[in-house]
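Structure first, then comments.
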Amino acid sequence: MLPILTLVGRPNVGKSTLFNRLTRTRDALVADYAGLTRDRRYGIGRIGPNPYIVVDTGGLSGESTGVAGSVEQQIAHALAEADHLLFLVDARDGCTGTDLELAGRLRRMGKAIALVVNKTDHGDPALATAEFHPMGLGEPFAISATQGRGVRMLMERVWEGLPKTRPDATTPTPGNGGTRIAVVGRPNVGKSTLVNRLLGEERLVTCDAPGTTRDSIEVPFEYQGKAYTLIDTAGVRRRAKVREAVEKFSVVKTLQAIEQCNLVILVLDARQGIGEQDATLATHILDSGRALVVAVNKWDGLSDEERARVRDALDRTLGFLDFAAVHYISARHGSGVGQLPEATDRAIANATRDLGTPELTRILEEAVQGHPPPLVRGRRIKLRYAHQGGRNPPIIVIHGNQTAAVPHAYRRYLINCFRRRLDLSGTPLRLEFRTATNPYAGRRNRLTPAQQRKRARLKRYIGRRG
(Lines give C-alpha, C1' and ligand atoms only; values in the text may rest on other atoms or scores of the structure.)
Protein backbone atom coordinates (compact mmCIF):
# COMPACT_ATOMS: atom_id res chain seq x y z
CA MET A 1 0.00 0.00 0.00
CA LEU A 2 1.46 3.37 -1.03
CA PRO A 3 1.63 6.26 1.45
CA ILE A 4 -1.28 8.73 1.29
CA LEU A 5 -0.81 12.47 0.82
CA THR A 6 -3.94 14.63 1.25
CA LEU A 7 -4.40 18.17 -0.08
CA VAL A 8 -6.43 20.43 2.24
CA GLY A 9 -7.24 24.12 2.48
CA ARG A 10 -10.06 26.59 2.11
CA PRO A 11 -11.90 26.88 -1.24
CA ASN A 12 -10.13 28.13 -4.37
CA VAL A 13 -6.53 27.99 -3.14
CA GLY A 14 -5.43 25.66 -6.00
CA LYS A 15 -5.77 22.13 -4.56
CA SER A 16 -7.15 20.60 -7.77
CA THR A 17 -4.51 22.36 -9.85
CA LEU A 18 -1.78 20.90 -7.63
CA PHE A 19 -3.50 17.48 -7.80
CA ASN A 20 -3.30 17.55 -11.60
CA ARG A 21 0.32 18.70 -11.42
CA LEU A 22 1.34 15.91 -9.00
CA THR A 23 -0.49 13.16 -10.91
CA ARG A 24 0.46 14.58 -14.33
CA THR A 25 -3.16 14.30 -15.45
CA ARG A 26 -6.15 16.52 -16.08
CA ASP A 27 -8.48 14.35 -14.05
CA ALA A 28 -9.61 17.06 -11.63
CA LEU A 29 -11.91 19.77 -13.00
CA VAL A 30 -10.21 23.15 -12.53
CA ALA A 31 -11.80 26.61 -12.76
CA ASP A 32 -11.59 29.97 -11.02
CA TYR A 33 -14.69 29.05 -9.05
CA ALA A 34 -14.84 28.66 -5.26
CA GLY A 35 -16.23 25.33 -4.03
CA LEU A 36 -15.91 23.51 -7.35
CA THR A 37 -14.47 20.32 -5.82
CA ARG A 38 -16.79 18.45 -3.47
CA ASP A 39 -15.90 14.76 -3.54
CA ARG A 40 -12.64 13.03 -2.71
CA ARG A 41 -10.52 12.23 -5.74
CA TYR A 42 -7.60 9.78 -5.64
CA GLY A 43 -4.62 9.61 -7.97
CA ILE A 44 -1.06 8.32 -8.17
CA GLY A 45 1.53 11.03 -7.47
CA ARG A 46 4.32 10.97 -10.04
CA ILE A 47 6.44 13.98 -9.04
CA GLY A 48 9.01 13.13 -6.41
CA PRO A 49 11.44 10.30 -5.64
CA ASN A 50 8.75 7.57 -5.49
CA PRO A 51 5.03 7.12 -6.20
CA TYR A 52 2.35 7.80 -3.59
CA ILE A 53 -1.40 8.25 -3.40
CA VAL A 54 -2.54 11.87 -3.57
CA VAL A 55 -6.06 12.88 -2.48
CA ASP A 56 -7.86 16.02 -3.66
CA THR A 57 -10.55 17.38 -1.34
CA GLY A 58 -13.15 20.11 -1.26
CA GLY A 59 -12.58 23.43 0.43
CA LEU A 60 -12.75 23.50 4.24
CA SER A 61 -15.47 25.89 5.33
CA GLY A 62 -16.40 24.85 8.87
CA GLU A 63 -20.11 24.53 7.98
CA SER A 64 -22.03 21.47 9.13
CA THR A 65 -25.29 21.62 7.14
CA GLY A 66 -26.36 21.15 3.51
CA VAL A 67 -23.86 20.41 0.76
CA ALA A 68 -21.04 22.12 2.69
CA GLY A 69 -21.66 19.79 5.63
CA SER A 70 -21.43 16.73 3.35
CA VAL A 71 -18.19 18.10 1.88
CA GLU A 72 -16.79 18.49 5.41
CA GLN A 73 -17.58 14.83 6.09
CA GLN A 74 -15.71 13.77 2.97
CA ILE A 75 -12.71 15.89 4.01
CA ALA A 76 -12.79 14.32 7.48
CA HIS A 77 -12.48 10.84 5.89
CA ALA A 78 -9.55 12.03 3.77
CA LEU A 79 -7.79 13.57 6.78
CA ALA A 80 -8.25 10.44 8.89
CA GLU A 81 -6.58 8.14 6.34
CA ALA A 82 -3.75 10.52 5.39
CA ASP A 83 -0.09 9.93 6.26
CA HIS A 84 0.88 13.51 5.42
CA LEU A 85 -1.10 16.71 4.82
CA LEU A 86 -0.34 19.47 2.33
CA PHE A 87 -2.07 22.55 3.74
CA LEU A 88 -2.49 25.01 0.85
CA VAL A 89 -2.88 28.76 1.31
CA ASP A 90 -3.14 31.56 -1.25
CA ALA A 91 -0.22 34.00 -1.44
CA ARG A 92 -2.43 36.58 -3.15
CA ASP A 93 -4.97 36.60 -0.33
CA GLY A 94 -2.35 36.57 2.41
CA CYS A 95 -2.77 34.94 5.81
CA THR A 96 -6.50 35.09 6.54
CA GLY A 97 -8.37 34.42 9.75
CA THR A 98 -9.84 31.28 8.17
CA ASP A 99 -6.32 30.01 7.40
CA LEU A 100 -5.27 30.53 11.03
CA GLU A 101 -8.36 28.71 12.28
CA LEU A 102 -7.78 25.78 9.89
CA ALA A 103 -4.09 25.62 10.86
CA GLY A 104 -5.05 25.18 14.50
CA ARG A 105 -7.59 22.51 13.59
CA LEU A 106 -5.08 20.54 11.53
CA ARG A 107 -2.32 20.91 14.10
CA ARG A 108 -4.51 19.28 16.77
CA MET A 109 -4.84 16.16 14.58
CA GLY A 110 -1.19 15.28 15.17
CA LYS A 111 -0.52 14.57 11.47
CA ALA A 112 2.63 15.54 9.59
CA ILE A 113 1.84 18.84 7.82
CA ALA A 114 3.59 20.84 5.11
CA LEU A 115 2.45 24.46 4.73
CA VAL A 116 2.29 25.21 0.99
CA VAL A 117 1.98 28.82 -0.17
CA ASN A 118 0.49 28.62 -3.67
CA LYS A 119 0.17 31.20 -6.46
CA THR A 120 3.64 32.68 -5.98
CA ASP A 121 3.92 33.17 -9.73
CA HIS A 122 5.50 36.62 -9.52
CA GLY A 123 7.74 38.37 -7.02
CA ASP A 124 10.08 37.12 -4.32
CA PRO A 125 9.01 33.76 -2.77
CA ALA A 126 10.58 34.79 0.55
CA LEU A 127 8.33 37.85 0.72
CA ALA A 128 5.29 35.81 -0.32
CA THR A 129 5.79 33.33 2.53
CA ALA A 130 6.89 35.78 5.24
CA GLU A 131 3.45 36.47 6.72
CA PHE A 132 2.65 32.74 7.03
CA HIS A 133 5.43 31.95 9.54
CA PRO A 134 3.24 32.80 12.59
CA MET A 135 0.93 29.90 11.72
CA GLY A 136 3.38 27.61 13.54
CA LEU A 137 3.56 24.92 10.87
CA GLY A 138 7.24 25.15 10.12
CA GLU A 139 8.97 26.63 7.09
CA PRO A 140 6.41 27.45 4.35
CA PHE A 141 7.02 26.12 0.84
CA ALA A 142 6.48 28.62 -1.98
CA ILE A 143 5.11 27.04 -5.17
CA SER A 144 3.14 27.79 -8.31
CA ALA A 145 0.85 24.83 -9.01
CA THR A 146 -0.09 26.34 -12.39
CA GLN A 147 3.50 26.71 -13.60
CA GLY A 148 4.98 23.85 -11.58
CA ARG A 149 7.60 26.05 -9.91
CA GLY A 150 8.83 24.64 -6.60
CA VAL A 151 6.63 21.52 -6.78
CA ARG A 152 9.43 18.99 -7.25
CA MET A 153 11.49 20.49 -4.43
CA LEU A 154 8.41 20.37 -2.21
CA MET A 155 7.80 16.68 -2.90
CA GLU A 156 11.46 15.75 -2.33
CA ARG A 157 11.24 17.32 1.13
CA VAL A 158 7.84 15.82 1.90
CA TRP A 159 8.92 12.33 0.81
CA GLU A 160 11.56 12.25 3.55
CA GLY A 161 8.77 12.24 6.15
CA LEU A 162 6.43 9.81 4.40
CA PRO A 163 6.23 6.13 5.38
CA LYS A 164 7.53 4.05 2.53
CA THR A 165 4.64 1.57 2.77
CA ARG A 166 1.38 1.27 4.69
CA PRO A 167 0.55 -1.91 6.65
CA ASP A 168 -3.19 -1.64 5.93
CA ALA A 169 -5.04 -1.76 2.61
CA THR A 170 -8.25 0.08 3.49
CA THR A 171 -7.82 2.72 0.80
CA PRO A 172 -8.25 1.42 -2.78
CA THR A 173 -5.32 2.21 -5.01
CA PRO A 174 -6.37 4.26 -8.08
CA GLY A 175 -5.92 2.75 -11.48
CA ASN A 176 -6.09 -0.91 -10.44
CA GLY A 177 -8.24 -1.70 -13.48
CA GLY A 178 -11.39 -3.75 -13.59
CA THR A 179 -14.66 -3.12 -15.37
CA ARG A 180 -15.37 0.59 -15.74
CA ILE A 181 -19.03 1.49 -15.11
CA ALA A 182 -20.27 5.06 -15.66
CA VAL A 183 -23.42 6.11 -13.81
CA VAL A 184 -25.15 8.84 -15.83
CA GLY A 185 -28.46 10.68 -15.92
CA ARG A 186 -30.14 14.03 -15.47
CA PRO A 187 -29.40 16.17 -12.39
CA ASN A 188 -30.87 15.00 -9.09
CA VAL A 189 -31.97 11.53 -10.26
CA GLY A 190 -29.92 9.80 -7.52
CA LYS A 191 -26.64 8.86 -9.24
CA SER A 192 -24.37 9.56 -6.26
CA THR A 193 -26.84 7.89 -3.89
CA LEU A 194 -26.78 4.78 -6.10
CA VAL A 195 -22.97 4.71 -6.18
CA ASN A 196 -22.86 5.03 -2.38
CA ARG A 197 -25.40 2.19 -2.07
CA LEU A 198 -23.32 -0.07 -4.34
CA LEU A 199 -20.17 0.75 -2.38
CA GLY A 200 -21.84 0.31 0.99
CA GLU A 201 -20.50 3.63 2.34
CA GLU A 202 -21.07 7.38 2.03
CA ARG A 203 -18.22 7.82 -0.41
CA LEU A 204 -19.78 10.68 -2.43
CA VAL A 205 -21.50 13.91 -1.50
CA THR A 206 -25.28 13.63 -1.84
CA CYS A 207 -27.94 16.31 -1.52
CA ASP A 208 -31.49 16.92 -2.73
CA ALA A 209 -30.33 20.04 -4.58
CA PRO A 210 -29.63 19.41 -8.31
CA GLY A 211 -26.05 19.85 -9.53
CA THR A 212 -24.37 18.50 -6.38
CA THR A 213 -21.86 16.48 -8.43
CA ARG A 214 -19.76 18.71 -10.69
CA ASP A 215 -16.98 16.39 -11.79
CA SER A 216 -16.59 12.74 -12.78
CA ILE A 217 -15.32 10.79 -9.78
CA GLU A 218 -13.80 7.31 -10.20
CA VAL A 219 -14.12 4.90 -7.27
CA PRO A 220 -12.43 1.47 -7.46
CA PHE A 221 -14.07 -1.36 -5.53
CA GLU A 222 -14.46 -5.14 -5.47
CA TYR A 223 -17.63 -7.22 -5.54
CA GLN A 224 -17.57 -11.00 -5.16
CA GLY A 225 -13.89 -11.10 -6.06
CA LYS A 226 -14.25 -8.98 -9.23
CA ALA A 227 -12.64 -5.56 -9.70
CA TYR A 228 -14.76 -2.61 -10.81
CA THR A 229 -14.42 1.15 -11.12
CA LEU A 230 -17.61 3.12 -10.60
CA ILE A 231 -17.66 6.55 -12.24
CA ASP A 232 -20.10 9.04 -10.73
CA THR A 233 -20.85 11.82 -13.23
CA ALA A 234 -22.43 15.24 -13.24
CA GLY A 235 -26.07 15.50 -14.32
CA VAL A 236 -26.68 16.38 -17.97
CA ARG A 237 -29.36 18.99 -18.78
CA ARG A 238 -30.62 20.35 -22.08
CA ARG A 239 -28.03 22.47 -23.86
CA ALA A 240 -30.28 25.55 -23.74
CA LYS A 241 -30.23 25.44 -19.93
CA VAL A 242 -26.44 25.07 -19.61
CA ARG A 243 -25.09 28.59 -19.21
CA GLU A 244 -22.23 28.48 -16.71
CA ALA A 245 -18.81 27.51 -18.04
CA VAL A 246 -18.29 25.15 -15.10
CA GLU A 247 -21.42 23.20 -16.00
CA LYS A 248 -20.32 22.98 -19.62
CA PHE A 249 -17.02 21.42 -18.53
CA SER A 250 -18.96 19.05 -16.24
CA VAL A 251 -21.06 17.86 -19.18
CA VAL A 252 -17.92 17.31 -21.26
CA LYS A 253 -16.43 15.18 -18.46
CA THR A 254 -19.65 13.14 -18.34
CA LEU A 255 -19.57 12.50 -22.09
CA GLN A 256 -15.89 11.53 -21.84
CA ALA A 257 -16.75 9.07 -19.06
CA ILE A 258 -19.30 7.42 -21.36
CA GLU A 259 -16.73 7.04 -24.14
CA GLN A 260 -14.06 5.62 -21.79
CA CYS A 261 -16.16 3.12 -19.81
CA ASN A 262 -17.15 -0.49 -20.50
CA LEU A 263 -20.78 -0.12 -19.43
CA VAL A 264 -23.25 2.65 -18.61
CA ILE A 265 -25.95 2.60 -15.95
CA LEU A 266 -28.56 5.11 -17.11
CA VAL A 267 -30.42 6.37 -14.04
CA LEU A 268 -33.97 7.65 -14.56
CA ASP A 269 -36.23 9.37 -12.05
CA ALA A 270 -39.62 7.67 -11.78
CA ARG A 271 -41.11 10.69 -10.00
CA GLN A 272 -39.89 13.26 -12.52
CA GLY A 273 -40.99 11.04 -15.40
CA ILE A 274 -39.19 10.03 -18.59
CA GLY A 275 -38.47 13.11 -20.68
CA GLU A 276 -36.82 14.33 -23.86
CA GLN A 277 -33.47 14.88 -22.14
CA ASP A 278 -33.42 11.22 -21.06
CA ALA A 279 -33.95 10.22 -24.70
CA THR A 280 -31.15 12.54 -25.87
CA LEU A 281 -28.71 11.11 -23.33
CA ALA A 282 -29.78 7.56 -24.19
CA THR A 283 -29.14 8.27 -27.88
CA HIS A 284 -25.60 9.41 -27.08
CA ILE A 285 -24.99 6.22 -25.08
CA LEU A 286 -26.33 4.15 -27.99
CA ASP A 287 -24.08 5.98 -30.47
CA SER A 288 -21.06 5.34 -28.24
CA GLY A 289 -21.73 1.58 -28.45
CA ARG A 290 -21.43 1.02 -24.70
CA ALA A 291 -23.20 -1.84 -22.96
CA LEU A 292 -26.19 -0.52 -21.01
CA VAL A 293 -28.33 -1.16 -17.95
CA VAL A 294 -31.32 1.10 -17.21
CA ALA A 295 -32.13 1.83 -13.55
CA VAL A 296 -35.46 3.54 -12.85
CA ASN A 297 -34.86 5.12 -9.43
CA LYS A 298 -37.28 6.36 -6.72
CA TRP A 299 -39.67 3.51 -7.49
CA ASP A 300 -40.68 3.11 -3.87
CA GLY A 301 -43.86 4.81 -2.74
CA LEU A 302 -45.42 5.09 -6.22
CA SER A 303 -48.99 3.93 -6.74
CA ASP A 304 -49.87 1.24 -9.28
CA GLU A 305 -51.29 3.91 -11.60
CA GLU A 306 -48.09 5.98 -11.40
CA ARG A 307 -45.95 2.92 -12.07
CA ALA A 308 -48.02 2.01 -15.11
CA ARG A 309 -47.63 5.56 -16.41
CA VAL A 310 -43.82 5.37 -16.01
CA ARG A 311 -43.67 2.04 -17.85
CA ASP A 312 -45.74 3.45 -20.72
CA ALA A 313 -43.47 6.50 -20.95
CA LEU A 314 -40.42 4.23 -20.92
CA ASP A 315 -41.75 2.17 -23.84
CA ARG A 316 -42.82 5.25 -25.75
CA THR A 317 -39.76 7.47 -25.22
CA LEU A 318 -36.94 4.93 -24.90
CA GLY A 319 -38.30 2.10 -27.05
CA PHE A 320 -35.03 2.07 -29.04
CA LEU A 321 -33.30 0.72 -25.90
CA ASP A 322 -35.26 -2.53 -26.05
CA PHE A 323 -32.00 -4.50 -25.83
CA ALA A 324 -31.19 -3.14 -22.33
CA ALA A 325 -32.39 -4.68 -19.06
CA VAL A 326 -34.59 -2.32 -17.00
CA HIS A 327 -34.47 -2.46 -13.20
CA TYR A 328 -36.83 -0.58 -10.91
CA ILE A 329 -34.92 0.44 -7.78
CA SER A 330 -34.73 2.70 -4.75
CA ALA A 331 -31.13 3.84 -4.31
CA ARG A 332 -31.97 5.45 -0.96
CA HIS A 333 -33.50 2.31 0.57
CA GLY A 334 -31.62 -0.30 -1.47
CA SER A 335 -34.55 -2.19 -2.99
CA GLY A 336 -33.65 -3.68 -6.39
CA VAL A 337 -30.05 -2.41 -6.26
CA GLY A 338 -28.66 -5.88 -5.53
CA GLN A 339 -29.69 -7.02 -9.02
CA LEU A 340 -27.54 -4.44 -10.80
CA PRO A 341 -24.10 -6.13 -10.45
CA GLU A 342 -25.41 -9.34 -12.04
CA ALA A 343 -27.08 -7.35 -14.82
CA THR A 344 -23.88 -5.42 -15.56
CA ASP A 345 -21.79 -8.60 -15.66
CA ARG A 346 -24.24 -10.21 -18.09
CA ALA A 347 -24.31 -7.15 -20.37
CA ILE A 348 -20.51 -6.86 -20.48
CA ALA A 349 -20.15 -10.59 -21.15
CA ASN A 350 -22.50 -10.28 -24.13
CA ALA A 351 -20.71 -7.18 -25.39
CA THR A 352 -17.34 -8.98 -25.43
CA ARG A 353 -18.44 -12.45 -26.63
CA ASP A 354 -16.64 -14.36 -29.37
CA LEU A 355 -19.09 -15.08 -32.20
CA GLY A 356 -18.16 -17.91 -34.58
CA THR A 357 -18.40 -17.43 -38.35
CA PRO A 358 -20.33 -20.69 -38.98
CA GLU A 359 -22.99 -19.76 -36.42
CA LEU A 360 -23.34 -16.20 -37.74
CA THR A 361 -23.60 -17.42 -41.34
CA ARG A 362 -26.22 -20.01 -40.36
CA ILE A 363 -28.33 -17.35 -38.62
CA LEU A 364 -27.99 -15.10 -41.68
CA GLU A 365 -29.12 -17.87 -44.04
CA GLU A 366 -32.16 -18.65 -41.86
CA ALA A 367 -33.07 -14.96 -41.70
CA VAL A 368 -32.82 -14.58 -45.48
CA GLN A 369 -34.90 -17.71 -46.08
CA GLY A 370 -37.57 -16.53 -43.66
CA HIS A 371 -37.74 -13.03 -45.15
CA PRO A 372 -35.70 -12.45 -48.35
CA PRO A 373 -34.19 -9.02 -49.03
CA PRO A 374 -36.14 -6.71 -51.36
CA LEU A 375 -35.48 -6.22 -55.08
CA VAL A 376 -33.27 -3.34 -56.25
CA ARG A 377 -33.85 -2.29 -59.89
CA GLY A 378 -35.22 -5.75 -60.61
CA ARG A 379 -32.32 -7.58 -58.97
CA ARG A 380 -32.50 -9.19 -55.53
CA ILE A 381 -29.90 -8.32 -52.88
CA LYS A 382 -27.76 -11.37 -52.11
CA LEU A 383 -26.31 -11.82 -48.60
CA ARG A 384 -23.82 -14.68 -48.60
CA TYR A 385 -22.01 -15.04 -45.25
CA ALA A 386 -21.25 -13.20 -41.98
CA HIS A 387 -18.39 -12.99 -39.48
CA GLN A 388 -17.51 -10.99 -36.39
CA GLY A 389 -15.80 -7.65 -36.96
CA GLY A 390 -15.42 -6.27 -33.43
CA ARG A 391 -16.42 -6.37 -29.77
CA ASN A 392 -17.94 -3.95 -27.26
CA PRO A 393 -20.12 -3.35 -29.14
CA PRO A 394 -20.38 -6.58 -31.15
CA ILE A 395 -19.97 -5.89 -34.87
CA ILE A 396 -21.20 -8.41 -37.45
CA VAL A 397 -19.85 -8.02 -40.99
CA ILE A 398 -22.14 -9.31 -43.76
CA HIS A 399 -20.80 -9.96 -47.27
CA GLY A 400 -22.90 -10.05 -50.42
CA ASN A 401 -23.97 -8.16 -53.54
CA GLN A 402 -25.65 -4.73 -53.64
CA THR A 403 -25.31 -4.48 -49.84
CA ALA A 404 -25.26 -0.68 -49.99
CA ALA A 405 -28.92 -0.81 -51.00
CA VAL A 406 -30.09 -2.79 -47.94
CA PRO A 407 -33.00 -0.76 -46.49
CA HIS A 408 -32.96 0.43 -42.88
CA ALA A 409 -36.00 -1.71 -42.04
CA TYR A 410 -34.26 -4.85 -43.27
CA ARG A 411 -31.16 -3.97 -41.23
CA ARG A 412 -33.36 -3.79 -38.14
CA TYR A 413 -34.86 -7.16 -39.06
CA LEU A 414 -31.39 -8.73 -39.28
CA ILE A 415 -30.28 -7.13 -36.00
CA ASN A 416 -33.34 -8.55 -34.25
CA CYS A 417 -32.65 -11.99 -35.74
CA PHE A 418 -29.04 -12.03 -34.56
CA ARG A 419 -29.93 -10.60 -31.14
CA ARG A 420 -32.71 -13.15 -30.57
CA ARG A 421 -30.68 -16.19 -31.65
CA LEU A 422 -27.49 -15.12 -29.83
CA ASP A 423 -29.27 -13.69 -26.75
CA LEU A 424 -27.23 -10.49 -26.93
CA SER A 425 -29.11 -8.58 -24.26
CA GLY A 426 -27.59 -5.51 -22.66
CA THR A 427 -25.45 -4.39 -25.58
CA PRO A 428 -26.01 -2.58 -28.88
CA LEU A 429 -25.35 -4.61 -32.02
CA ARG A 430 -23.90 -3.12 -35.19
CA LEU A 431 -23.97 -4.47 -38.74
CA GLU A 432 -21.46 -3.69 -41.47
CA PHE A 433 -22.18 -4.64 -45.09
CA ARG A 434 -19.51 -5.32 -47.69
CA THR A 435 -20.11 -5.86 -51.38
CA ALA A 436 -18.00 -8.44 -53.18
CA THR A 437 -15.94 -7.14 -56.09
CA ASN A 438 -16.78 -8.34 -59.62
CA PRO A 439 -13.83 -10.48 -60.82
CA TYR A 440 -14.75 -9.70 -64.44
CA ALA A 441 -14.93 -5.94 -64.01
CA GLY A 442 -12.43 -4.20 -66.26
CA ARG A 443 -11.40 -7.41 -67.97
CA ARG A 444 -11.67 -5.83 -71.45
CA ASN A 445 -9.08 -3.28 -70.53
CA ARG A 446 -6.66 -6.10 -69.68
CA LEU A 447 -6.70 -7.47 -73.28
CA THR A 448 -3.61 -6.84 -75.36
CA PRO A 449 -3.99 -4.61 -78.45
CA ALA A 450 -3.70 -7.70 -80.72
CA GLN A 451 -6.50 -9.45 -78.81
CA GLN A 452 -8.70 -6.36 -79.01
CA ARG A 453 -8.18 -6.16 -82.86
CA LYS A 454 -8.99 -9.87 -83.18
CA ARG A 455 -12.21 -9.43 -81.18
CA ALA A 456 -13.22 -6.48 -83.35
CA ARG A 457 -12.69 -8.47 -86.59
CA LEU A 458 -14.72 -11.34 -85.15
CA LYS A 459 -17.63 -9.01 -84.31
CA ARG A 460 -17.57 -7.51 -87.86
CA TYR A 461 -17.55 -11.03 -89.37
CA ILE A 462 -20.51 -12.12 -87.23
CA GLY A 463 -22.32 -8.96 -88.19
CA ARG A 464 -21.93 -9.64 -91.93
CA ARG A 465 -23.02 -13.28 -91.61
CA GLY A 466 -26.02 -12.29 -89.47
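- A salt bridge does not link R430 to E432: none of the charged side-chain nitrogens sits closer than 4.0 Å to a carboxylate oxygen.
- Salt-bridge formation is detected for the pair R346/E342: a Lys NZ or Arg NE/NH1/NH2 atom is positioned less than 4.0 Å from an Asp or Glu carboxylate oxygen.
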Enumerate, atom names and distances included, each donor-acceptor pair closer than 3.5 Å involving a side-chain atom of residues 282-289, sequence neighbours excluded.
unit_1 : atom_1 : unit_2 : atom_2 : d
T283   : OG1    : A279   : O      : 2.8
S288   : OG     : I285   : O      : 2.6
S288   : OG     : R290   : N      : 3.4

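- Side-chain contact between L22 and M155 is present, with heavy atoms from C-beta onward closer than 4.5 Å.
- In this structure, L355 and L422 have side chains that are in contact, with non-hydrogen atoms separated by less than 4.5 Å.
- Here R421 does not pair with E359 in a salt bridge; the nearest charged N to carboxylate O distance is not below 4.0 Å.
- Side-chain contact, D121 with S144: a donor N or O sits under 3.5 Å from an acceptor N or O.
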Identify all side-chain donor-acceptor contacts of residues 321-328 below 3.5 Å with residues at least two apart in sequence or on another chain.
unit_1 : atom_1 : unit_2 : atom_2 : d
H327   : ND1    : Q339   : OE1    : 3.1

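- No hydrogens or angles considered: nothing links the side chains of T96 and T98 as a donor-acceptor pair under 3.5 Å.
- Screening N350, L429, T352 for a side-chain contact (heavy atoms from CB on, under 4.5 Å) with P394, the sole residue that qualifies is L429.
- Salt bridge R40/D56: absent, no basic N to carboxylate O contact under 4.0 Å.
- Proximity of L266 to L268: side-chain heavy atoms (C-beta onward) are separated by under 4.5 Å at one or more points.
- In this structure, the separation between CZ on F19 and CZ on R24 is 14.0 Å, given to the nearest 0.5 Å.
- Between the side chains of N262 and Y228, no donor N or O sits under 3.5 Å from an acceptor N or O.
- Using a 4.5 Å heavy-atom threshold, the side chains of V54 and L7 count as touching.
- A salt bridge does not link D93 to K119: none of the charged side-chain nitrogens sits closer than 4.0 Å to a carboxylate oxygen.
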Kindly indicate, with the supporting measurements, whether the criterion side chain to side chain donor-acceptor pair (under 3.5 Å) is fulfilled by R411 and Y413.
CA-CA 5 Å; R411 291 171 180 254; Y413 164 73; over 6 Å; no
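- With contacts defined as side-chain heavy-atom distances shorter than 4.5 Å, the pair L106/L85 qualifies.
- Residues E131 and R92 are not paired through a salt bridge, judged by the lack of any N-O separation under 4.0 Å between the basic side chain and the carboxylate.
- Between I4 and V55 there is a side-chain heavy-atom pair separated by less than 4.5 Å.
- With rounding to the nearest 0.5 angstrom, the CG atom of N20 is 4.5 Å from the OG1 atom of T25.
- A heavy-atom distance below 4.5 Å is not found between the side chains of R21 and T17.
- Atoms CZ and CZ, on F87 and F141 in that order, are 14.5 Å from each other to the nearest 0.5 Å.
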Scan the side chains in residues 292-300 for donor-acceptor partners under 3.5 Å anywhere in the protein, sequence neighbours excluded, and list what turns up.
unit_1 : atom_1 : unit_2 : atom_2 : d
N297   : OD1    : A331   : N      : 2.9
N297   : ND2    : V189   : O      : 2.9
K298   : NZ     : N188   : O      : 3.0
K298   : NZ     : D269   : OD2    : 2.9
D300   : OD1    : S330   : OG     : 3.2
D300   : OD2    : H333   : ND1    : 3.0

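- Shortest non-hydrogen contact noted between R152 and I47 is CA-CG2, 3.8 Å.
- The minimum heavy-atom distance linking I396 with A386 is given by the pair CG2-CB, 4.0 Å.
- Checked for salt-bridge contact, D354 and R391 meet the test: a charged N lies under 4.0 Å from a carboxylate O.
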